[in-house]
Enquirer: 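So that we are looking at the same thing, I have put the structure below in structure tokens.
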Protein chains: 2
Amino acid sequence: MDFSIGELSRETGVKVPTIRYYEKEGLLEAPLRTEGNQRRYRHSDLERLRFIRHCRDLGLPMPAVRDLIELSQHPDKPCAEADLIAVEQLKAVRQRITHLQRLESELTRIADSCQGDHTVTECNVLRAFADHGLCKDDH
Amino acid sequence: MDFSIGELSRETGVKVPTIRYYEKEGLLEAPLRTEGNQRRYRHSDLERLRFIRHCRDLGLPMPAVRDLIELSQHPDKPCAEADLIAVEQLKAVRQRITHLQRLESELTRIADSCQGDHTVTECNVLRAFADHGLCKDDH
DNA sequence: TCTAATTCCTATAGCGACTAGAGCTTCAAG
DNA sequence: CTTGAAGCTCTAGTCGCTATAGGAATTAGA
């Protein structure tokens, strides 16, 4: 019926200290304790933790997760805010992709400039790392 | 002839505390000091700092930067190691791009599932955040 | 029922790469 | 010579965990 923290951890793949950390940060409610002061979780805690984990896997920062949880506790509110969080995160992810693609093209150029067959003094890799002026775009 | 730390900062765009931090971490050599204990840098420090900055902008972790600096001080060594660092970083960047692209497609799906026109109870965004089972691939 | 192995508890510190602030000293311009 | 900007050191905070220490509770097997 109830889970220990270790069982919850096994069910969700979230490490034990991380679960305690989420509790401290207010993402998970503090569960009931046994007489010996150990945490005992219910099924609803399991669902909540899976929710948190999935949000985190999707890259949401903890404050956004907190907002979503808060929101989900007011079933009659309009869900525009949840929508907004998803859209914002999507925007952030797209920005990061663009940035990384610029890096990729720079690094490709840098790595291609050298086959590792000469000495450091004449190494184009080191030159390229030294000099931003050689880059095609800003990063 | 010599720069103060503020001038070095303005020249490179690296913040003053960050310069001191790089010194503490051994990326920059400790410069000479004035009688009043203030740092005075030379042109070679400027070049070194630009090198560091550029590496960091390209996403190299500090240990990799340290390795490159170490390397650049042995001009007769073969530069295979520098090449390797560039290639490894490239590989890491490509992995991150792949990962983010998966997130992007999930988030697109999630964000599209809702126009923000209903209440929380029936919100597909919240449902999608709750349930990894709805996702097409792992992330 | 006893014991031993495992799991649990709290509290604290560490990671990477900075950034911010307090409280004080030195420098440079007028 | 004064004044205000810029420098100094030291400490703590950021984010999202993760690791460790030292002890208490639980559980499985004999």
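The figures that follow rest on heavy atoms only: side chains count, while hydrogens, waters and symmetry mates do not.
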Enquirer: With DNA chain C as reference, determine whether B:Thr34 or B:Arg56 sits nearer its 5' end, using the nearest nucleotide of each.
Expert: B:Arg56
Enquirer: Between C:dA28 atom P and B:Asp2 atom CG, what is the distance in whole Å?
Expert: 12 Å
Enquirer: Evaluate the side-chain proximity of B:Tyr41 to B:Leu49: yes if any heavy-atom separation is below 4.5 Å, no if none is.
Expert: no
Enquirer: Mind calculating the distance between CD1 (B:Ile19) and C1' (C:dT19) to the nearest angstrom?
Expert: 14 Å
Enquirer: Nearest whole angstrom, please: distance from the C1' of C:dA17 to the NZ of B:Lys15.
Expert: 12 Å
Enquirer: Below 4.5 Å, heavy atoms only, C-beta onward: do A:Ile110 and B:Leu58 meet side chain to side chain?
Expert: yes
Enquirer: Is any side-chain heavy atom of A:Lys15 closer than 4.5 Å to one of A:Tyr21?
Expert: no
Enquirer: B:Glu35 CD to C:dC27 P: how many Å, rounded?
Expert: 8 Å
Enquirer: Suppose the criterion is salt bridge (charged side-chain N to carboxylate O under 4.0 Å, His left out): which pairs have a residue in residues 88-98 of chain B, not counting sequence neighbours?
Expert: A:Glu104-B:Arg94, B:Glu88-B:Lys91
Enquirer: Under a 3.5 Å cutoff, is there a donor and acceptor pairing between the side chains of B:Gln95 and B:His99?
Expert: no
Enquirer: Check B:Arg109 with B:Glu106, please: is the shortest side-chain N to carboxylate O separation under 4.0 Å?
Expert: yes
Enquirer: Hey, does A:Leu68 have a side-chain heavy atom less than 4.5 Å from the side chain of A:Leu60?
Expert: yes
Enquirer: First and last nucleotide of DNA chain D in contact with chain B, 5' to 3', at under 4.0 Å to a heavy atom: what are they?
Expert: D:dG7 to D:dT9
Enquirer: Distance check: side-chain N/O of B:Tyr21 vs OP1/OP2 of C:dG16, anything under 4.0 Å?
Expert: no
Enquirer: Grab the N/O contacts between the protein and nucleotides 4-10 of chain C below 3.5 Å, and write none if there aren't any.
Expert:
from: C:dC8; atom 1: OP1; to: A:Ser4; atom 2: OG; distance (Å): 2.8
from: C:dC8; atom 1: OP1; to: A:Gly6; atom 2: N; distance (Å): 2.7
from: C:dC9; atom 1: OP1; to: A:Arg39; atom 2: N; distance (Å): 2.9
from: C:dC9; atom 1: OP1; to: A:Arg39; atom 2: NH1; distance (Å): 2.9
from: C:dC9; atom 1: OP2; to: A:Arg20; atom 2: NH1; distance (Å): 2.3
from: C:dC9; atom 1: O3'; to: A:Arg33; atom 2: NH1; distance (Å): 3.4
from: C:dT10; atom 1: OP1; to: A:Arg33; atom 2: NH1; distance (Å): 3.2
from: C:dT10; atom 1: OP1; to: A:Arg33; atom 2: NH2; distance (Å): 3.1
from: C:dT10; atom 1: OP2; to: A:Arg39; atom 2: NH1; distance (Å): 3.0
from: C:dT10; atom 1: OP2; to: A:Arg39; atom 2: NH2; distance (Å): 3.0

Enquirer: Are the side chains of B:Arg42 and B:Asp45 in contact, using a 4.5 Å heavy-atom criterion?
Expert: yes
